[in-house]
There are 2 protein chains.
Amino acid sequence: MPKIIDHHKRKIRIAEATWKVIVDEGIEKASVRKIAQTAGLSVGSLRHYFSSQSELLRFSMELVSDRVIQRLKSREFSEDRDPLEFVTEGVFEVLPIDEERKIEMEVWLAFSAKVLVDSTLSELSNKVYDNMHQGLKNVIHVLQLLQYAKDGLCLELEVNRLHAIVDGMAMHHLLNPEHFTEDEMKQTLIYHLQSLCK
Amino acid sequence: MPKIIDHHKRKIRIAEATWKVIVDEGIEKASVRKIAQTAGLSVGSLRHYFSSQSELLRFSMELVSDRVIQRLKSREFSEDRDPLEFVTEGVFEVLPIDEERKIEMEVWLAFSAKVLVDSTLSELSNKVYDNMHQGLKNVIHVLQLLQYAKDGLCLELEVNRLHAIVDGMAMHHLLNPEHFTEDEMKQTLIYHLQSLCK
DNA sequence: CCTTATTTAATACATTTGTATTAAATAATA
DNA sequence: TATTATTTAATACAAATGTATTAAATAAGG
């Protein structure tokens, strides 16, 4: 019998190498050879886990999606916290506030550009969009249930607005970290969430 | 003497062909050959206008920048309009509300992904960011001067917020036109701007 | 120790790419 | 019309790429 290798873990390692190449040199440089080299594998070896480049890229994109969605769902409400503080912290989770999140967001941005020209990726893109949307809807809804939110807010439009703010700021900070700093990003989010409350 | 050709116009035609290839097939497929074919030129001919691919891509990106900035600046204030309506219409100008604007925005998104890995493009990216930021600052400022805006708004944070909303919604609509429709995008913007006013 | 299913490594090949070169075509001026 | 600066077209070439093939290496079970 052959060497026992955890296939799934190995695939994840390769996907993370793919991320690294994309972040360092851009998605158009993410060739099979370069990814294999970055992962410390031969091309032939890599092809035992991914039989084509597009399969590899798709898996790498799905891994970002999984991580983001996992992060969104892992937060559970604790009763004894200030709700506004709690939800603010929750939204911070999906902003590029540390290296790990910045990498994921950069990779996601690179993939998003691909979604525009590869409709087979739309489903995945929409899945993340819908999850994020639902997560942010909960944020607004919690504030409303607890009577923290101002009266007369339109839930649906508020969710659209918050979602756009989150992704827009994330993009601005990645593209422009010195003009739009991490701190400005955080302050702007706090400002916005406060503006929704009484 | 040779055929007289307006160099600048020809370069713009080539850049627009570049946009078309990027929108149709993605920036990684924007090879010199394909762009030349799309523009109805030979490769050698194209190279008389752009001596390298990166020069061509840069010019194409600058053309997007020029068009957007021109659009931002071409609006002049007219006294006899409802100010809120006027500024709302102004912000619509930078949303992907028609085919021309969608193309520009898609191309810009593709280039933005490149900015992350090519620091020589940052300057141009920042220029557009700064222009947009200034334009949106004027929007908020006008509302404040005319006493339409609520009291106690923080100008700087409001600009960050509006800017993020604009770019975030634009991205959401491009990636997800059926889930986040053009109409939702417009309604959300109107809702936001109204929320800033008394 | 030997067998064997599995993994790895090396190499090959056709295609696409950016760029360069060179000859032909073009059209305004003398 | 003849000249000539400029543009266009065609071809070439090295490098990189996705994919396929085949032999070697590996390690668990008999």
Side-chain angles (χ1 to χ4, degrees), chain A residues 1-62 110-111 113-114 117-118 120-121, chain B residues 1-62 110-111 113-114 117-118 120-121:
Chain A
M1 286 291 168
K3 213 193 290 195
I4 292 297
I5 287 193
D6 185 325
H7 264 241
H8 192 247
K9 278 186 185 162
R10 172 63 60 97
K11 286 178 86 169
I12 286 177
R13 202 182 93 198
I14 295 171
E16 286 174 340
T18 305
W19 293 3
K20 180 165 171 51
V21 175
I22 290 174
V23 168
D24 289 349
E25 310 188 47
I27 198 167
E28 66 275 9
K29 296 283 184 178
S31 65
V32 175
R33 284 169 177 81
K34 191 161 273 171
I35 291 168
Q37 189 188 350
T38 302
L41 297 173
S42 72
V43 175
S45 174
L46 189 150
R47 266 176 67 79
H48 267 84
Y49 299 95
F50 299 101
S51 63
S52 77
Q53 188 192 34
S54 63
E55 191 185 323
L56 166 54
L57 289 180
R58 174 177 289 275
F59 182 88
S60 303
M61 187 172 175
E62 276 169 350
F111 276 121
K114 274 188 104 67
V117 290
D118 180 355
T120 70
L121 295 177
Chain B
M1 285 290 167
K3 212 194 290 193
I4 291 298
I5 288 194
D6 185 323
H7 264 241
H8 192 246
K9 278 187 184 162
R10 172 63 60 97
K11 286 178 85 170
I12 286 177
R13 202 182 93 199
I14 295 171
E16 286 174 340
T18 305
W19 293 2
K20 180 165 172 50
V21 175
I22 290 174
V23 168
D24 290 348
E25 309 188 46
I27 197 167
E28 67 275 7
K29 296 282 185 182
S31 65
V32 175
R33 283 171 177 82
K34 191 161 273 170
I35 293 168
Q37 188 189 348
T38 303
L41 296 173
S42 71
V43 175
S45 173
L46 188 149
R47 266 176 67 79
H48 271 269
Y49 299 96
F50 299 101
S51 61
S52 78
Q53 187 191 34
S54 63
E55 190 184 322
L56 166 55
L57 289 180
R58 174 176 290 276
F59 182 87
S60 302
M61 187 175 177
E62 277 170 349
F111 275 122
K114 273 188 103 66
V117 290
D118 180 354
T120 69
L121 295 176

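Each chain gets a letter, A, B and so on, in the order the sequences are listed, and its residues count up from 1.
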(request) Residues of residues 9-18 of chain A with any non-hydrogen atom less than 4.0 angstrom from an atom of DNA chain C: list those, numerically ordered, please. (result) A/R10
(request) Enumerate the residues from residues 34-49 of chain B whose closest heavy atom to DNA chain C is under 4.0 Å, giving them by residue number; use none for an empty result. (result)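 Nucleic-acid contacts, sorted: B/V43, B/R47.
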(message) For C/dT17 and B/S31 - does any side-chain N or O of the residue sit under 4.0 Å from the phosphate oxygens OP1/OP2?
(response)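 Looking at the OP1 and OP2 atoms of C/dT17, one of them is under 4.0 Å from a side-chain N or O of B/S31.
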(message) Strictly below 4.0 Å: does B/H7 bring a side-chain N or O up to OP1 or OP2 of D/dT7?
(response)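 Looking at the OP1 and OP2 atoms of D/dT7, one of them is under 4.0 Å from a side-chain N or O of B/H7.
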(message) For A/F59 versus A/K11, what's the shortest heavy-atom pair and its separation?
(response)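 Minimum heavy-atom contact is CE2-O, 3.6 Å.
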Please state how far atom [atom1] in [X] lies from atom [atom2] in [N], giving the value in whole angstrom units.
X     : N      : atom1 : atom2 : value
A/E55 : D/dT19 : CD    : C1'   : 13 Å
A/L57 : D/dT17 : CG    : P     : 13 Å
A/F50 : D/dA20 : CZ    : C1'   : 19 Å
B/E28 : D/dT17 : CD    : P     : 14 Å
A/L56 : D/dT17 : CG    : P     : 14 Å
B/K29 : C/dT15 : NZ    : C1'   : 11 Å

(request) For A/S51, answer base if it contacts any base atom (sugar-phosphate contacts may also be present), sugar-phosphate if it contacts only those atoms, and nothing otherwise; contact means non-hydrogen atoms under 4.0 Å. (result) nothing
(message) Both A/R33 and B/S52 contact DNA chain C. Taking the nearest nucleotide for each, which residue is further toward the 5' end?
(response)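 Result of the comparison: A/R33.
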Look up atom [atom1] in [X] and atom [atom2] in [Y], then write down how far apart they are to the nearest 0.5 Å.
X     : Y     : atom1 : atom2 : value
A/F50 : A/I35 : CZ    : CD1   : 9.0 Å
B/E55 : B/S60 : CD    : OG    : 10.5 Å
B/R58 : B/L56 : CZ    : CG    : 12.0 Å
A/Q53 : A/R33 : CD    : CZ    : 10.5 Å

Find out whether [X] and [Y] are in side-chain contact, i.e. whether some heavy atom of one side chain is under 4.5 Å from a heavy atom of the other.
X     : Y      : result
A/L57 : A/F111 : yes
B/H8  : B/I12  : yes
B/K29 : A/V117 : no

Expected list for residues 21-28 of chain A: side-chain donor-acceptor pairs under 3.5 angstrom, two or more places apart:
residue : atom : partner : partner atom : Å
A/D24   : OD2  : A/K20   : NZ           : 2.9
A/E25   : OE1  : A/K34   : NZ           : 3.1
A/E28   : OE2  : B/K114  : NZ           : 3.2

